[in-house]
Each structure stands twice: as structure tokens, then as C-alpha cells.
J.: 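If you scroll down you'll find the structure; I have some questions about it.
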Amino acid sequence: MAVGGVKYSCETAAQTLEWIHAIIDFLKPYSFFLHSHVVNFFKDRLWDAVDKEWIDCLRCESVENILQIPSGVVQDYWPASLKIFILTSKSLVIPREQANLQKVLPDLHLSSLNNVLTQGMNRKKKHEIEALAAIVSSIARSVGACTIVDVGAGQGYLAQVLSFQYQLSVIAIDACSHHGRITDARAERIRRHYAAKMRKSRSEDQNFSMPKTVTCHVLSTDTLKALSYSLDRKNDVEHSNLFGQVISEHSLVFSEKEVPSSSSFSGSSKSPLLLAGLHACGDLSVTMLR
């Protein structure tokens with residue numbers, strides 16, 4: 001993708017980061033729009049900050065032409081600055097072509113989920129969980145991750161599939177204690193089903209990997225680092241006392257004030273944890289990337 005003579009690519013992490021920085025630089029002059037709420041547009045008359053020539057032009061434009069702006073379609077008679085803005089924004093869009101997962105992850109094996117694991121899921125959710133769980137499992141095994149941390153786990157759909165279908169150790173984090181209780185109850189129902197099935201087949205191996213639930217508000221990268229650090233040191237939330245606050249039902253609760261400084265993590269061991277999240281709400285995805 002070329003913008004102003006510069007060719008951008010996503011072939012490497014460095015090239016992708018360069019592309020992202022170009023997008024950030026392009027958006028900086030319009031940050032007052034991005035950081036405002038809808039009500040501010042009217043209360044603070046934010047339209048006054050838009051180029052008057054653009055406003056005068058678009059005010060008389062047809063609805064059909066305005067609807068084509070996000071696709072990068074411009075009209076010859078529009079102001080040059082407006083055309084440059086639209087074409088540049090279109091050219092900076094990161095490609096959305098679907099990746100060939102088998103090429104990226106040669107060891108990827110998609111498994112169809114049974115009715116017990118998919119109880120409560122609609123078709124869209126089932127498709128998402130099947131794909132993401134397989135990807136997470138493939139990556140975890142390739143890097144030797146001993147624990148998966150599901151951030152913003154909700155009702156635990158992803159965590160339970162990773163635990164029961166792929167036999168991975170999973171920590172399910174959510175800010176809502178109610179979601180934690182639902183995850184625990186749902187996991188127990190699934191465990192009983194598999195236990196009964198194994199008893200019928202007279203299988204001696206009845207050990208199941210069940211997700212542990214953690215209730216906490218991940219409000220910063222330090223919070224997530226602190227939690228990861230505690231899991232890394234103890235590898236078991238039930239017995240972790242890093243923050244001195246362990247409560248029943250496998251749940252660990254701590255506040256921002258109790259988070260150790262970043263220097264506390266510098267000497268930690270390197271037993272890998274893998275962070276995952278499906279539609280993580282708020283800033284959780286951004287916090288995980290940081």
C-alpha cells in the first residue's frame with residue numbers, strides 16, 4: 001500500500017508498526033473528534049472546527065455521493081484538500097483479507113464442538129469459539145505456554161472449550177463476579193457430563209482441566225502484569241497470596257492500590273502465559289497489546 005510515495009506493508013511486525021504510526025499521525029489533527037462524545041458535537045459546536053469549504057461543499061451534496069465517501073469515492077469538483085483527506089484515509093486502511101490460517105499455523109486443527117460445550121451459544125458464537133480456541137491451542141503448544149489467561153471471559157465459553165476440548169490450563173478473568181459464578185457452574189455441569197460418559201465407557205482417566213475464575217478490574221497494564229506475575233509464581237490462583245486477598249470459589253480479587261510496581265516483575269521467571277480475549281470489551285484488548 002503506497003501513501004505519498006511511501007509503501008506500507010504488514011509482512012513484518014516492524015512494518016506493521018510503521019503503518020500504524022502513519023495512521024496515528026494522520027488522525028492527530030482530528031483527535032478532538034475522536035475523543036469527544038456525541039453530545040459534545042452539539043454542545044460544543046464541533047462542526048465549527050471543520051474546514052468551512054468542506055462543510056459548504058458537502059452540505060449541498062447528494063446522499064448517494066456522501067455514502068460513497070468511506071469507500072474513497074470523490075467528486076472532481078470537491079475542494080482539493082477534501083479529496084486528499086478522503087483518498088489518504090482510504091489508502092491507509094490496513095488490509096482486511098482473511099488470512100490463510102493453515103499457512104500461518106501449520107499445526108492448526110479445527111475441532112467441531114459437541115452440544116454440551118456449545119450450550120447457550122448461537123451459531124455465530126459457536127463459529128468464533130471453534131476458530132479462536134483452535135488458534136489459541138496451536139499457539140500455546142508451539143510456544144510452550146503452560147497457562148492461558150482469558151481476559152474478559154464473560155460466561156466462560158472460550159475458557160471452557162480450551163479446558164475441556166484442548167486440555168489446557170485456563171484462568172478466566174472478568175470484572176463481574178456474577179460471570180465468574182456462571183463460569184464455575186457451567187464448567188461443573190460440563191465436568192459431570194464428561195465424568196458420566198467416562199464411567200459408562202469404564203475409562204480410568206477421569207481427570208479434567210477446569211478453568212479457574214478470577215474477579216478483578218483490569219484497569220491498566222500494571223494490573224494485568226501483576227495478575228500475570230502472581231499466576232506465573234504460583235501457577236494456581238487458589239493458593240496465591242501475592243496480594244493477601246484470596247477468596248472462595250477460586251476467585252482472586254485485588255485493587256489498583258495493591259498492584260506492585262513494574263520493577264517487581266523484572267526478575268520474574270519466564271514460564272510463558274498466553275493472553276487471549278474474544279470481543280474483550282472496553283480497553284481490555286488495548287491493555288493486552290500494551
Side-chain angles (χ1 to χ4, degrees), residues 108-122 124-195 207-218 223-224 227-232 234-240 246-254 271-282 284-285 287-289:
L108 179 70
H109 298 288
L110 286 172
S111 300
S112 181
L113 303 180
N114 60 45
N115 292 335
V116 176
L117 285 173
T118 60
Q119 185 178 6
M121 299 184 196
N122 57 31
K124 174 177 176 291
K125 179 68 69 177
K126 179 177 180 288
H127 169 74
E128 293 172 340
I129 296 294
E130 283 181 341
L132 184 57
I135 291 170
V136 170
S137 175
S138 176
I139 295 174
R141 300 189 193 286
S142 67
V143 301
C146 60
T147 301
I148 312 300
V149 181
D150 182 8
V151 185
Q155 297 186 39
Y157 292 145
L158 176 62
Q160 288 149 9
V161 171
L162 290 172
S163 292
F164 290 101
Q165 185 85 358
Y166 293 96
Q167 290 299 297
L168 293 167
S169 172
V170 183
I171 308 296
I173 302 176
D174 201 90
C176 178
S177 59
H178 175 64
H179 283 165
R181 290 191 292 272
I182 291 176
T183 299
D184 289 337
R186 192 173 185 274
E188 178 58 24
R189 288 197 300 271
I190 296 172
R191 187 198 66 77
R192 288 200 299 266
H193 168 81
Y194 278 97
N207 293 322
F208 300 100
S209 174
M210 290 182 61
K212 296 180 177 67
T213 58
V214 176
T215 300
C216 73
H217 292 269
V218 180
T223 309
L224 195 52
L227 179 59
S228 299
Y229 178 68
S230 69
L231 299 176
D232 190 33
K234 298 295 183 180
N235 200 28
D236 190 343
V237 176
E238 286 184 81
H239 298 100
S240 176
V246 181
I247 63 174
S248 60
E249 298 182 348
H250 310 295
S251 296
L252 169 68
V253 179
F254 59 90
S271 177
L273 295 170
L274 194 152
L275 295 178
L278 176 62
H279 302 313
C281 59
L284 286 179
S285 297
T287 300
M288 284 191 284
L289 287 172

J.: Considering all heavy atoms of both residues, which atom of Tyr166 and which atom of His109 are nearest to each other, and what is their separation?
T.: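 It is OH-O, 3.7 Å.
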J.: With rounding to the nearest 0.5 Å, note down the distance linking CG in Leu132 to NE2 in His127.
T.: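 So the gap between those two atoms works out to 10.5 Å.
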J.: I need the minimum non-hydrogen distance between Gly120 and Tyr157, along with the two atoms involved.
T.: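 Looking at all heavy atoms of both residues, the closest pair is O-OH, 3.4 Å.
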J.: So do Ile182 and His178 actually touch side chain to side chain, heavy atoms under 4.5 Å?
T.: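 Counting from C-beta outward, His178 and Ile182 do come under 4.5 Å.
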J.: Taking all non-hydrogen atoms of both residues into account, name the closest pair between Leu117 and Arg186 and its distance.
T.: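 Taking every non-hydrogen atom into account, O-NH2, 2.8 Å.
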J.: Spell out, as yes or no, whether a donor-acceptor pair under 3.5 Å connects the side chain of Ser138 to the backbone of Ala134.
T.: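 Here the side-chain-to-backbone pair does not exist.
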J.: To the nearest 0.5 Å, what is the distance between CG on Leu162 and CD1 on Ile129?
T.: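 Atom-to-atom, Leu162:CG and Ile129:CD1 are 8.0 Å apart.
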J.: Taking side chain as C-beta onward, heavy atoms only, is Arg141 less than 4.5 Å from Leu168?
T.: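 Yes, their side chains come closer than 4.5 Å.
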J.: Given 3.5 Å as the limit, does a donor-acceptor pair link the side chain of Ser142 with the main chain of Ile139, or not?
T.: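 Here the side-chain-to-backbone pair exists.
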J.: Of the non-hydrogen atoms in Ala133 and Val161, which two are nearest, and what is the gap between them?
T.: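 Heavy atoms only, the tightest pair is CB-CG1, 3.6 Å.
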J.: Give a yes or no answer on whether the side chain of Gln119 reaches the backbone of Asn115 with a donor-acceptor pair at less than 3.5 Å.
T.: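 It does not hold such a pair.
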J.: I need the Thr118 OG1 to Lys125 NZ distance, nearest 0.5 Å.
T.: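 So the OG1 of Thr118 and the NZ of Lys125 are separated by 13.0 Å.
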J.: Do you know which two heavy atoms are closest between Leu113 and Lys126, and how far apart they sit?
T.: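 Taking Leu113 first and Lys126 second, the nearest heavy atoms are O-CE, 4.0 Å.
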J.: Near His279 NE2, under 6.0 Å, is it more than 12 heavy atoms from other residues, nucleotides or ligands?
T.: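 Enclosed.
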J.: Report yes if the side chains of Ser112 and Glu130 come closer than 4.5 Å at any heavy-atom pair, otherwise no.
T.: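 Contact flag for Ser112/Glu130 side chains = yes.
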J.: Check Leu275, Leu274, Leu278 against Val136 for a side-chain contact (heavy atoms from CB on, under 4.5 Å) and give me the one that passes.
T.: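 It is Leu274, the one option of Leu275, Leu274, Leu278 that forms the side-chain contact (heavy atoms from CB on, under 4.5 Å) with Val136.
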J.: Taking all atoms of both residues into account, what is the closest heavy-atom pair of Ala276 and Ile148, and its distance?
T.: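 The answer is CB-CG2, 4.3 Å.
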